[in-house]
Number of protein chains: 2
Amino acid sequence: MPVEDRKKSRVTLLDVAQRAGVSRATASLVVRKSPLVGAQTRARVEEAMAALGYVYNMGAARLRAERSNAVGVVVPNLTNPFFAELLSGIEAVIDRAGMVVLLVNSGDTVERQDVLMRRLREHGVDGIILCAAAGTQAGIVQQLLDWDLPVVQTLRHISPELDYAGADYAAGMRQAVDHLADLGHTAISFAVHGPVHSAYDERIKGFGEAMRARGLKSDHVIRVPDQTAQIPQAAKALFEASRPTAIICFNDVIAVGLNAGLSDLGLKVGKDVSLVGFDDVTEADIIRPRLTSISTAPVTIGEDSARLLLDRIREPQLPPRWIIKPTQLHVRHSSAAAALSLGIHKAG
Amino acid sequence: MPVEDRKKSRVTLLDVAQRAGVSRATASLVVRKSPLVGAQTRARVEEAMAALGYVYNMGAARLRAERSNAVGVVVPNLTNPFFAELLSGIEAVIDRAGMVVLLVNSGDTVERQDVLMRRLREHGVDGIILCAAAGTQAGIVQQLLDWDLPVVQTLRHISPELDYAGADYAAGMRQAVDHLADLGHTAISFAVHGPVHSAYDERIKGFGEAMRARGLKSDHVIRVPDQTAQIPQAAKALFEASRPTAIICFNDVIAVGLNAGLSDLGLKVGKDVSLVGFDDVTEADIIRPRLTSISTAPVTIGEDSARLLLDRIREPQLPPRWIIKPTQLHVRHSSAAAALSLGIHKAG
DNA sequence: CTGAAAGCGCTTACAG
DNA sequence: CTGAAAGCGCTTACAG
């Protein structure tokens with residue numbers, strides 16, 4: 001038959017009901033797996049669905065039931081492998097719940113984020129997992145409440161009133177500092193980059209407090225380029241600025257870049273200078289020297305945030321919950337005792 | 001007012017129309033930016049929408065109009081940075097079209113893929129971008145035609161009847177082989193892993209043909225572990241098997257892993273042995289030695305596949321189109337003249 | 001456990 | 001350019 005006719009003849013729940021000899025309401029109950037329907041009735045309906053090639057129409061269901069089985073996920077960036085892992089955790093949990101992820105990328109700008117949040121809302125998502133763009137104002141929370149839309153914050157938080165899943169970044173910095181201080185390092189720099197947000201602040205603050213707690217100077221915080229490709233070149237200036245014997249990195253992207261840059265300068269990482277990364281991405285174990293890093297388990301954070309959202313959709317009145325996972329120090333070969341690191345002064 | 005009431009009082013197009021003093025149809029035309037509406041009428045309606053906090057209900061629109069402004073994207077894997085880049089390209093184009101991405105992860109199994117394709121269909125997506133799970137049968141195409149659902153294949157193809165966006169993998173292998181042969185290498189191995197699909201076959205075939213074209217033996221194809229963390233350990237066996245002076249890698253993940261494994265064996269990559277990667281991910285330039293690699297531009301492929309899908313949604317009767325991008329050789333420091341590579345025999 | 005009726009919020013012809 | 005009516009496919013009470 002012609003295409004027109006095929007389109008017209010889309011099979012509906014009524015068709016299924018008629019073929020099965022039941023009412024539309026009963027067919028609807030079968031689709032939704034209600035226990036109210038008897039076994040043989042259910043079987044007849046299911047057979048009819050199969051025979052007719054019935055496709056459930058979420059759109060129609062959503063219109064009546066105010067439930068879309070879709071959640072929005074707003075990330076600031078897709079190419080950073082860290083966010084890909086986060087997304088992977090989110091997707092797995094949402095998928096298991098029989099729901100679907102609407103993915104949007106804010107590019108870390110609040111304007112785009114605003115447009116995209118509206119778009120998600122128009123699409124009727126049941127809730128949103130938000131890794132807020134840098135600069136997002138806490139005022140957004142009021143808007144979200146007005147919208148009556150469940151939201152959980154992930155990795156970055158902007159308000160105590162909203163659920164949050166993240167890692168204990170300050171504790172992670174403490175682990176990094178203590179590890180290096182225990183190895184005898186005193187001149188420790190912190191290499192950072194990227195936009196400023198809660199996770200940034202917590203790391204900066206964590207670094208400062210941990211350094212001071214060990215009686216060390218905490219003012220060696222140095223920004224390196226945001227562009228991955230340019231990070232290696234930043235190694236030189238970083239040294240000339242403060243002559244560190246050890247460097248803690250804001251993330252593993254920086255660590256990998258500086259590892260290259262230091263080697264370009266003729267320095268042996270893990271001998272002349274120690275390097276500690278942050279995030280512990282898969283790669284940390286397969287670069288040389290193997291990278292000592294603080295793991296923040298992005299997949300787990302993704303799973304946590306998805307579970308928080310599912311709970312909140314189910315029970316909107318729940319008080320805000322924060323799941324903050326401890327970080328873990330993975331010692332590998334890029335960090336070593338300070339005595340061995342003195343060789344760095346050759347580099348000047 | 002209580003929450004119940006707020007929910008009830010969801011503002012609809014009718015509310016907007018009444019406040020603006022027009023009919024619902026007119027308000028609908030304004031929402032859809034129809035040119036049929038006069039400027040001052042439009043202004044009145046828009047003002048009413050703003051005043052009332054109107055939110056367009058895609059679900060209702062879709063029910064009537066059979067258009068969801070959402071496309072499904074099926075990937076086999078999210079944690080591989082390569083797919084994240086692909087996704088990034090797709091998302092950018094779909095976003096620019098005012099549409100939204102439904103993201104699902106098949107885990108590279110056809111069973112999951114089947115479930116997820118159905119789910120996307122129930123959600124009423126306007127089309128699907130499919131990076132088919134390994135083992136997907138060409139029979140799926142008939143199902144897709146029955147479903148009347150626009151689909152474009154990306155990175156991997158299973159049928160000539162469907163649109164496809166990818167890279168010329170065979171040509172890429174030729175570039176890699178020619179580059180190494182030009183440097184005087186004759187004992188060249190090909191390190192592969194992962195599931196078997198069209199892109200896999202094309203690379204294997206491309207390697208074999210290119211080697212034979214240069215009069216070289218093409219049987220040194222060696223599988224390394226799929227698990228990234230285990231790749232470095234595979235370097236030793238790889239050598240004992242065939243004593244290559246150069247290795248071409250199926251992708252950069254393998255190249256980075258072997259780079260580490262070779263260095264663990266005391267071999268200098270780019271001197272004792274040459275290494276050529278495939279994909280040219282960002283990282284290729286920031287590991288040491290810098291990795292010679294064949295770029296396949298995943299972001300561009302993502303953009304291409306999204307554009308193909310948008311075109312097909314607009315014009316379903318278009319003949320199938322294939323966009324196959326040329327690859328590019330990026331020579332860096334991991335590949336060098338063969339004479340320098342003889343030192344490898346020390347490793348035995 | 002099942003049926004008849006109403007309605008979710010929009011768009012689509014069809015008149016004017 | 002605008003209005004009144006019908007209907008997309010489902011679910012929700014309400015009776016039985």
Are B:T79 and B:N77 linked by a side-chain donor-acceptor pair shorter than 3.5 Å?
yes

Only Watson-Crick and G-U wobble pairs, only distances under 3.5 Å, only runs of 3 or more: what stems does that leave for DNA chain C?
C:1-3 with D:14-16, C:5-12 with D:5-12, C:14-16 with D:1-3

From the candidates D:dC10, C:dT11, D:dT2, the one with an atom nearest any side-chain atom of A:T12 is D:dC10

Which residue pairs pass the side-chain hydrogen bond (donor to acceptor under 3.5 Å, both in side chains) test with at least one member in residues 37-61 of chain A, sequence neighbours excluded?
none

With a 4.0 Å heavy-atom cut-off, tell me which residues in residues 114-125 of chain B come close to DNA chain C, sorted by residue number.
none

Side-chain donor-acceptor pairs under 3.5 Å in residues 29-37 of chain B, sequence neighbours left out?
from  : atom 1 : to    : atom 2 : distance (Å)
B:R32 : NE     : B:S28 : O      : 3.3
B:R32 : NE     : B:S28 : OG     : 3.2
B:R32 : NH2    : B:S28 : OG     : 2.7
B:S34 : OG     : B:L36 : N      : 3.0

Which residues in residues 39-63 of chain A have a heavy atom closer than 4.0 Å to any atom of DNA chain C?
A:T41, A:L63

Polar pairs (N or O, both sides) under 3.5 Å between protein and nucleotides 14-16 of chain C?
none

Could you list, one pair per line, each protein nitrogen or oxygen that sits under 3.5 Å from a nitrogen or oxygen of nucleotides 3-6 of chain C, together with the distance?
from  : atom 1 : to    : atom 2 : distance (Å)
C:dG3 : OP2    : A:S23 : N      : 2.5
C:dG3 : OP2    : A:S23 : OG     : 3.3
C:dG3 : OP2    : A:T26 : OG1    : 3.4

Considering residues at least two apart in sequence or located in another chain, which fulfil the salt bridge (Lys or Arg N to Asp or Glu O under 4.0 Å) criterion with A:R19?
none

Which whole-number value in Å describes the distance from B:L29 CG to C:dG9 P?
20 Å

Indicate every side-chain donor-acceptor pair of residues 129-138 of chain B with a distance under 3.5 Å to a residue at least two apart or in another chain.
from   : atom 1 : to     : atom 2 : distance (Å)
B:T136 : OG1    : B:Q113 : NE2    : 3.0
B:T136 : OG1    : B:A133 : N      : 3.3
B:T136 : OG1    : B:A133 : O      : 2.5
B:Q137 : NE2    : B:G135 : O      : 3.0

Not counting sequence neighbours, which residues clear salt bridge (Lys or Arg N to Asp or Glu O under 4.0 Å) with A:R64? List them please.
none

Between C:dG9 atom P and B:R67 atom CZ, what is the distance in whole Å?
23 Å

Applying salt bridge (Lys or Arg N to Asp or Glu O under 4.0 Å) to A:R96 and not counting sequence neighbours gives none

Can you name the residues that form a ring-ring contact (aromatic ring centres under 6.0 Å, His included) with B:H157, not counting sequence neighbours?
B:Y164, B:W322

